[in-house]
Amino acid sequence: MNPIRCLVVDDEELARTLLENYISRMPTLSHVASCANAMDAMVILQDQPVDLMFLDIQMPELTGVEFLRTLPVKPVVVFTTAYAEYALEGYALDVTDYLLKPFGFERFVQAVNKAAAVLRGKSDTAAGAPGETAKPGKDYIMVKADHKLHRIKLDDILFIQGMREYVAFHTPNGRILSLNSLKSLEEALPAAQFIRIHKSYIAAVNRIEILEGNLVRIGKEKLPVGALYRDSVHERLS
């Protein structure tokens, strides 16, 4: 795998310097540029390929969250923030991880490993390699897990749960853990059969037994319906 091309976006010079230092210590990473604000970062993203963006949240003009929402095509993103309360909002935007300032090199490496796993999943899908794919007309999905390739029938999937860099396929026979993202699965699975109900959940439409307020019930499981998905879920199930 080629070095991961990194962009650092942070209005604090010391924070940019720290991230640049950490990036230089990892041969799997390549530093593309550092920016002090979102507008400069936008120029870089339009001009150069970027795989991974370390993005601060509290910045002038546009916050990291606001900036991310403006991007039609996003690199893999790791938030860097001094405020833990922003973590949940980050995951709602499919951010791979967040680094709570101040963070050390070990925690940085953990975030990079998560990002690398997401990028590998995207690369496999683009290259047509065996992975989490549901081909048109097929009634199953091929899933890599435990160094094996599993065939899971779409009709057997109750729901899929996002667990940071992993996803769990819940079926009547148990669950299968695989390295992937809900976002890529949402694109791969047939929209007629599955619906995103939460930042952490995709549900099989015909398995949803009850919709009550901000919860759906599938068997014995009660799953939350996120605010971003509430209208589409209610419209789909009504």
Side-chain angles (χ1 to χ4, degrees), residues 55 57-58 62-74 76-79 81-100 114 117-118 121 132-134 139-141 143 145 150 152-238:
L55 179 61
I57 292 179
Q58 292 293 91
L62 279 177
T63 68
V65 171
E66 292 168 341
F67 173 51
L68 198 53
R69 287 175 178 154
T70 69
L71 297 178
V73 179
K74 303 175 180 64
V76 174
V77 175
V78 172
F79 269 153
T81 176
Y83 304 95
E85 61 266 26
Y86 286 110
L88 289 177
E89 188 168 7
Y91 285 121
L93 293 166
D94 284 321
V95 171
T96 298
D97 201 357
Y98 75 98
L99 294 172
L100 187 61
K114 291 178 184 179
V118 173
E132 289 75 3
T133 57
D139 64 351
Y140 61 86
I141 184 170
V143 174
H150 299 257
I152 304 176
K153 290 185 177 181
L154 298 180
D155 287 343
D156 287 342
I157 298 174
L158 303 174
F159 62 91
I160 305 169
Q161 180 181 8
M163 304 170 68
R164 295 199 175 181
E165 71 268 35
Y166 290 92
V167 295
F169 292 83
H170 291 259
T171 75
N173 297 319
R175 72 175 191 174
I176 296 175
L177 282 176
S178 179
L179 195 64
N180 207 307
S181 70
L182 283 185
K183 184 175 183 180
S184 61
L185 283 171
E186 187 178 11
E187 295 170 353
L189 291 168
Q193 291 178 252
F194 296 91
I195 184 171
R196 185 76 174 263
I197 64 170
H198 187 271
K199 60 181 171 53
S200 299
Y201 292 97
I202 293 174
V205 175
N206 66 349
R207 294 285 189 168
I208 296 175
E209 300 170 7
I210 294 176
L211 169 62
E212 183 178 1
N214 295 329
L215 293 173
V216 297
R217 194 178 76 187
I218 298 178
K220 296 181 180 180
E221 298 287 340
K222 292 183 178 180
L223 308 180
V225 176
L228 293 176
Y229 307 95
R230 187 180 302 127
D231 290 345
S232 61
V233 171
H234 280 258
E235 181 180 351
R236 182 77 175 273
L237 298 179
S238 61

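Just so you know, these numbers use all the heavy atoms, side chains as well, and skip hydrogens, waters and symmetry mates.
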Quick one: pull up CD1 in I176 and CG in D156 and give me the separation to the nearest 0.5 Å.
9.5 Å
For the atom pair NE2 (H150) and CZ (F169), what is the distance rounded to the nearest 0.5 Å?
10.5 Å
R236: side chain to side chain contact (heavy atoms under 4.5 Å, CB included) partners, not counting sequence neighbours
I195, V205
Please table the atom pairs, donor to acceptor, closer than 3.5 Å between any side-chain atom in residues 209-218 and protein atoms at least two apart or in another chain.
unit_1	atom_1	unit_2	atom_2	d
E209	OE2	G219	N	3.2
N214	OD1	R230	NE	2.8

Could you please spell out the steps behind the side-chain contact (heavy atoms from CB on, under 4.5 Å) verdict for F67 and L55?
CA-CA 9 Å; F67 173 51; L55 179 61; 3.9 Å; yes
Using atom types as modelled and distance alone, determine if a side-chain donor or acceptor of H198 lies under 3.5 Å from a backbone N or O of S200.
yes
Between D97 and K114, does a salt bridge (Lys or Arg N to Asp or Glu O under 4.0 Å) hold up when you go through it step by step?
CA-CA 7 Å; D97 201 357; K114 291 178 184 179; 3.2 Å; yes
Please report the interatomic distance CZ(F79) to CD1(I57), rounded to the nearest 0.5 Å.
4.5 Å
Once you round to the nearest 0.5 Å, how far does CZ of R175 lie from NE2 of H170?
6.0 Å
Tell me, with the steps shown, if V167 and L177 meet side-chain contact (heavy atoms from CB on, under 4.5 Å).
CA-CA 6 Å; V167 295; L177 282 176; over 6 Å; no
Decide yes or no on side-chain contact (heavy atoms from CB on, under 4.5 Å) for S178 and Y166, but give the supporting numbers first.
CA-CA 6 Å; S178 179; Y166 290 92; over 6 Å; no
Kindly give the heavy-atom pair with the smallest separation between F159 and A203, and that separation in Å.
CB-CA, 4.1 Å
Could you tell me which residues satisfy side chain to side chain contact (heavy atoms under 4.5 Å, CB included) with S232, sequence neighbours excluded, listed by chain and number?
Y229
Quick one: does I160's side chain get under 4.5 Å of L182's, heavy atoms only?
yes
When rounded to the nearest 0.5 angstrom, what is the spacing between CG in L189 and CD1 in I141?
4.5 Å
Any side-chain heavy atom of V77 within less than 4.5 Å of one from T96?
no
What residues form a side chain to side chain contact (heavy atoms under 4.5 Å, CB included) with Q193, not counting sequence neighbours?
L154, D155, P190
Atom CD of E221 and atom CZ of R207: how far apart are they, to the nearest 0.5 Å?
13.0 Å
Listed by chain and number, what are the side chain to side chain contact (heavy atoms under 4.5 Å, CB included) partners of T63, not counting sequence neighbours?
V65, E66
Test item: I202 and I197 side chains (from C-beta on) under 4.5 Å apart, heavy atoms
no
Report the C-alpha distance between N206 and F194 in whole Å, list the side-chain angles of each, state the deciding distance to 0.1 Å, and finish with yes or no for side-chain contact (heavy atoms from CB on, under 4.5 Å).
CA-CA 8 Å; N206 66 349; F194 296 91; over 6 Å; no
